[in-house]
2 protein chains.
Amino acid sequence: MPEEKLRRQRTGRANSSPTLEDVAQKAGVSTATVSRCLNAPARVSEATRKQVLEAVNQLGYAPNFGARALAAKRTDTFGAIIPTMENAIFARGLQAFQEELEQNGITLLVSSSSYSPQLEEKQVHALIARGADALLLIGHDRTPKSYDLLESKGIPHVIAWSIAHDVPRTSIGFDNRNAMKTLALEVLKLGHRDLAVISAPREGNDRARERCQGVADALIQFGLRPTDLPIIETPYSISNGAEAFQTLVSSGNRPTAVLCGNDVLAAGAISRARELGLRVPDDISITGFDDIEIAQIVSPGLTTVHVPHRKMGIHAARLLIAMRNGEYGDAPAESLELQVTITWRGSLGPVPLRNA
Amino acid sequence: MPEEKLRRQRTGRANSSPTLEDVAQKAGVSTATVSRCLNAPARVSEATRKQVLEAVNQLGYAPNFGARALAAKRTDTFGAIIPTMENAIFARGLQAFQEELEQNGITLLVSSSSYSPQLEEKQVHALIARGADALLLIGHDRTPKSYDLLESKGIPHVIAWSIAHDVPRTSIGFDNRNAMKTLALEVLKLGHRDLAVISAPREGNDRARERCQGVADALIQFGLRPTDLPIIETPYSISNGAEAFQTLVSSGNRPTAVLCGNDVLAAGAISRARELGLRVPDDISITGFDDIEIAQIVSPGLTTVHVPHRKMGIHAARLLIAMRNGEYGDAPAESLELQVTITWRGSLGPVPLRNA
DNA sequence: TGAGAAAATGTAAGCGCTTACATTTCATCC
DNA sequence: GGATGAAATGTAAGCGCTTACATTTTCTCA
């Protein structure tokens, strides 16, 4: 069959990848057989299967993903868009998510939105174009268009790291507001009355918003005015946490407890506290959120909200796979709320005597 | 043109994505024009362009990536395989890499190999099948087959985080061995003679191997026997660093300085030191490698090797883009060696008096 | 005003794969 | 031994896009 050779010469693509046809030729069978051999080995006789695999190996053949997706209308690829890869907040959950997918023969494509809904919208678009069968998203804040895209294409998606009782969307996560409220109540019980918060920018980040509200809820419960609560917004990073902390303590009325929106900010705060000669928690208490590894190694250890990251990732994967397989039909899959707990370490203590 | 409608009815795929043809129909032009509109707007008249974009918007059209790649033989997608996403070691460099790519209209696909060459080989395969135009890899250790794959398909690739003078492969990174030697020399100059190393498993990880060799080099230069050097191998994680540290100090002859293969291990070591009541650096010195954020927030701060992560990422991107564009022809692109420096913080001090 | 060039658009042939359907092969049984 | 059906294999039609080439429209200028 000189046709094949002709094509090669014509296009002049010397060292391009071998195709199904090349394999078929080498093995002396049709392309259909090769394809079956790769996708449904049972439907091919032992003998030919061996020949074909031999040819595959010799040629170093790798099926062209795009062509396969085009023909099969399935990619076995899921996408995940997380706000950042710069720190470990999402790492553990994502790792678990991906492990679970892999066990089911699904590849994960990850991209990060830098906490920008606009960027996220582009990524949704890109992942859909790439044929993602389903998507994992973080939190509820995003552009309406992102949702439109998902819906009009009928792409299964679940929202993690957050749970909303009032929206008809499948999510798997925890109640950020309540979690933070619980922690803030503990702080208040220890006698603190001058709280302050270091939060991520709340715009476009419902987790951050809810956590702040949680603190407010606790204040109200103690009969305090939430409007008095100083809140500094700054992107998640250790150095930003440190800066924000310094700003807080050098302001007129220094708080006795600083609640941070996550562990990364809190780690920055703790480290700056030491540099400023403030003892934690004797002079000032600091709390975090997430319970990532960093919470253990700062000194003192961070009292923080423990989030079941791996559990969340695994369940998200299973849920998404079930949705993709149509196991829920048209009914929306049920959301799953996970429980969080408080991990006590050394950074939260009673209010200093002079402030009591 | 009722053909299109027929197809839809026939296949019954009600809410599948709109195709180029749908857009063309709606805009009353040919598919070619729509395609041009999207890829080479200059070749289309103002008026039609508007109509087409209108149709695109109304339909929420997203070009099918697989089909495009198939037809255009280009994906504008690069791949990166990093050993782990679990901690921040590669995060900053990768972020910079991806930013630089994005500015050039290139999408980045990331996957992680869990430090396993076998897994990495699979990922190379997968990324090639997905049509990655070029690949970023970490370090030189990988299966021969991985290299074969890359070479036979003619996929441009650069190796980062490591530099090898004796292989004809384009790499961009630093001399791990020499960097670690420099640090170890500083340790020795401070009077330490009982060193120990906590390293990542050296098998399949040339960076880890070279760093250990660097310590040995320094010992030799001081006339000491490198064979006496205790080395504990353990995967990068804070808790593993802590465990390894405890093992070292509770062994018969406790070292006066522990050199860690990276900052994550070192952070674990420092935190365990405190738990064990050992003062750093008064009782024992600890050093790291990488200078990631964590190095600043442990107490005392980590004396470590500063690696120019962002610079490495940016240069890797530029190099890879140039290679993809054929700017180097068949000649291998030149490797780039970056310089590292030592960042002094508090964790390295003079040898304790009783050991001097 | 009309010939010729330039610009805009259309036509249709694939890209590499899957899969419905058609055909061949082969074991089975009366 | 030949009809029968199951198993194995082949044939060929797309999947949604790009792009070389053909055709039409528009512009330019003598």
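These numbers come from a predicted model, not from an experiment. Below, chains carry the letters A, B, ... as their sequence lines are ordered, and counting in each starts from 1.
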Base, sugar-phosphate or nothing for [X]? Non-hydrogen atoms, less than 4.0 Å.
X       : result
B:Ser35 : base
B:Ser45 : sugar-phosphate
A:Tyr61 : sugar-phosphate
A:Ala72 : sugar-phosphate

Comparing A:Asn64 with B:Ala47, nearest DNA chain C nucleotide closer to 5' gives the residue B:Ala47
On the nucleotide C:dG10, are OP1 or OP2 found under 4.0 Å from the side-chain N or O atoms that B:Ser30 carries? yes
Among [options], find the nucleotide with the atom closest to the side chain of [X].
X       : options                : result
B:Ala71 : C:dT9, D:dC17, C:dC17  : D:dC17
A:Asn39 : D:dG16, C:dT9, C:dT18  : C:dT18
A:Ala32 : D:dT11, C:dT11, C:dG16 : D:dT11

Give, for atom [atom1] of [X] and atom [atom2] of [Y], the distance between the pair rounded to the nearest 0.5 Å.
X        : Y        : atom1 : atom2 : result
B:Leu149 : B:Lys122 : CG    : NZ    : 13.5 Å
A:Asp133 : A:Ile128 : CG    : CD1   : 11.5 Å
B:Ile81  : B:Ile138 : CD1   : CD1   : 9.5 Å

Separation of [X] atom [atom1] from [N] atom [atom2], in whole Å?
X        : N      : atom1 : atom2 : result
B:Arg36  : D:dA20 : CZ    : P     : 11 Å
A:Lys153 : D:dG16 : NZ    : C1'   : 14 Å
B:Leu38  : D:dT19 : CG    : P     : 12 Å
B:Gln25  : D:dG16 : CD    : P     : 13 Å
A:Leu70  : C:dG14 : CG    : P     : 17 Å
A:Arg68  : D:dC15 : CZ    : P     : 19 Å
B:Arg74  : D:dT18 : CZ    : P     : 11 Å
A:Asp22  : C:dC17 : CG    : C1'   : 13 Å

Verify whether one side chain among B:Glu21 and B:Thr31 offers a donor that lies under 3.5 Å from an acceptor in the other.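 No, B:Thr31 and B:Glu21 have no side-chain donor paired with an acceptor closer than 3.5 Å.
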Check step by step if ring-ring contact (aromatic ring centres under 6.0 Å, His included) holds for B:Trp161 and B:His140. CA-CA 9 Å; B:Trp161 259 266; B:His140 287 83; over 10 Å; no
Relative to the 5' end of DNA chain D, which residue comes earlier, A:Ala42 or A:Thr31, by the nucleotide with the nearest heavy atom? A:Ala42
